[in-house]
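Read the structure below first, then the notes.
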Amino acid sequence: MTPTKAIIAGLFVLAGPLPAVAEIRIGASVSATGPAGALGDSEAKTLEMLVEEVNGKGGINGETVTLVLYDDAGDPNKARTFATRLIEDDEVVAIIGGTTTGTSMSILAVAEDAGIPFISLAGAIDIIDPVKPYTFKTPHTDRMGCQKIFADMQARGFAKVAIIASTDGFGASMQAQCKLVAPEMGMEIVADETYDPKDSDMTAQLTKIRGTEGVQAIVNPGFGQSAAVLARNYRQLGMDIPFYASHGVASQGYIDLAGAEAVEGFRLPGTALLVAELLADGDVQKPAVTAYKAAFEGKFATPVSTFGGYAHDGFMILSDAIARATAAEPAAIRDAIEATTGLAGTTGVYTYSATDHLGLDLSAFRLLEIRGGAWTLAE
Amino acid sequence: MSELIQFLFSGVTVGAVYALVALGFTIIYNASDVVNFAQGEFVMLGGMITWFAHEAGLPLPLAALIAIVLTSALGVAMNKLAIEPARGAPVVSLIIITIGASIFIQGTAQLVFGKQIHTFPAFSGDTPIHVGGATILPQSLWMIAGALAVFLALWLFFSRTLLGRAVMATANNRLAAQLVGINTNFVMTLSFALSAAIGALGGVLATPVTLTAYGVGIGFALKGFAGAMLGGMGNPKGALLGGFLIGLIEALTAGYLWSQYKDAVAFVVILLVLFFLPQGLFGRKTTDRV
């Protein structure tokens, strides 16, 4: 609402040893307030924390990192304005941000025009498909979420699926992707229901699914309040059809809001960050996951979220690329990002190429199951 | 058969929320012809403050009482600080002021209570009650009882008490009401206090089922407004029935037709009612003397 208040610019000008040293200016526009505020808030905190951390260690290649952070409140128009301001006034070498698909699309248009590398933190596949030269992204796509869920259903011998999706952007997009990949994976969609994210009761839709012949499993593309209400309604009706939630609800908040009893046995694709303690010692993601979790929770006393993890990975990829780049110039940084290979973050292991600006495969998703109010690995 | 019962249960659960919001609209509308679009924020505050106080260690009934009293005080403050200074402005301007107040309350709630989703325990547990193969939550019964009780209290207030009639008189003609000795400023203050209290009560009753967050108010306000329009703006009976009807139409559409179009069907019904019965089902006839 008041972007000026949320601007945290020039975070770190260390009045310390080397005042003459050059600085690397990195821009960010996230939705720290507004409808996606819960997501963007942890992204903003993560970026500030990591920049502080990097500078404490002497910066990148001895150069101090300056973060210029704006809050676009989830408004694509504001995101576009801020992206322009970051490039023209703040003269940043790269941009991280775009909490939502909408804001990411605005920023990428500006960044592509100006030739500034942009790492998006939003889910939709459209951001990097088709591949655009300067745009990368860190989160999984919703298509991968569907594939992971269907793969587990195949393993359990299910073939007839009911979908119940929310009508917001996330739910609608994932619902469409699930319907798209279902035939490829031998799944038949036998019921297809929706609900409004503001609805307070979905027992009618669930009753309809219960009455549908042959449903073997339910998939729920949705997140936030309505997903928790849906889980409660499912339990209220005493249903026992195996239930798959989406990666959008992968946080402790979902279990707390819906009630541990309601979501007992629910499965969903989630990131390694959620189950940091359960990862095997040899897991390639374990060092990144535990370090980020300890730092974030130590500093802010709130649990880490998948979304903060996206920002962590974005900054990690960028700082790794700047360190390798031939010059701290946008074009050289872009080339270095594209050459990223086997970099383990909290979301997955990133390997970018000229044809792949997503960099993740299905192994990045862990299939989680809720048992006794806590996350467990189902695999 | 059990399916139909389940759809009806779903409808009355949702309908009870809409009815409570719609009932909140009636008092301020009756006193001033203003549709208070901050009504949804009162519902949000009822839930949020209860959660906050309960989290701080207070017992649930006390937390709920504090929420209702504080929200009611906020309603009075809104009238004194935002509506009263603009007295004499056209009704449309006052409605726009209430939208501004709604945005302000939402922003403040976001700062004070955070952006997370919250809830608190249901009053009588979460074990569903089984009726004819369908289930309903005990909290839904609380919500329905709450809506009926508020309706009854309002109906008695407007038809049986002098103060209630004073409210109606103020709406009808402020100057004439003043001439016969009604303190119209007091009536306005009272109507905001009561409306806010009813909204907060709705929030207290509904939150264990619907959950709450700083942004839920607008959704409640729109559906509640639709219920109030359908039943007839300003009539408690209309608000009650309108709210429940919208809930039932939504549930039956989602159950028997397509869930994709349930909101659309509800609004089409409202359009049809307004087209053929512009005053709603139970609205007062407007007669202008010329």
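Here is the naming used below: chain letters follow the sequence lines, and residue numbers restart at 1 for every chain.
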[X] portion near chain A, given a 4.5 angstrom heavy-atom threshold:
X: B:Phe9; answer: neither
X: B:Thr212; answer: backbone
X: B:Pro208; answer: backbone
X: B:His130; answer: neither

Name of the residue among A:Asn220, A:Ile370, A:Val263, A:Val219 meeting side chain to side chain contact (heavy atoms under 4.5 Å, CB included) with A:Phe243: A:Asn220
For each of [options], tally heavy-atom pairs with chain B at distances under 4.5 Å, and name the one with the top tally.
options: A:Leu206, A:Thr167, A:Leu237; value: A:Leu237
options: A:Arg210, A:Gln236, A:Lys208, A:Glu193; value: A:Gln236
options: A:Asp256, A:Ile164, A:Leu257; value: A:Leu257
options: A:Lys198, A:Met202, A:Arg232; value: A:Arg232

Distance alone, cut at 3.5 Å: any donor-acceptor contact between the side chains of [X] and [Y]?
X: A:Gln205; Y: A:Asn233; value: no
X: A:Thr99; Y: A:Glu43; value: yes
X: A:Tyr310; Y: A:Thr271; value: no

Near-ring test B:Phe52/B:Phe113, centroid separation under 6.0 angstrom: yes
Atom CD of A:Gln252: over 12 foreign heavy atoms under 6.0 Å: yes
Within-4.5 Å side-chain heavy-atom neighbours: A:Val229 and B:Leu211: yes
Options B:Val209, B:Thr13, B:Leu137, ranked by heavy-atom pairs under 4.5 Å with chain A, top entry: B:Leu137
Structural part of A:Asp199 lying under 4.5 Å from a heavy atom of chain B: side chain
Toward chain B, the part of A:Thr207 with a non-hydrogen atom under 4.5 Å: both
Mutual orientation of the aromatic rings belonging to B:Trp258 and B:Tyr261 [parallel < 30°, tilted 30-60°, perpendicular > 60°]: perpendicular
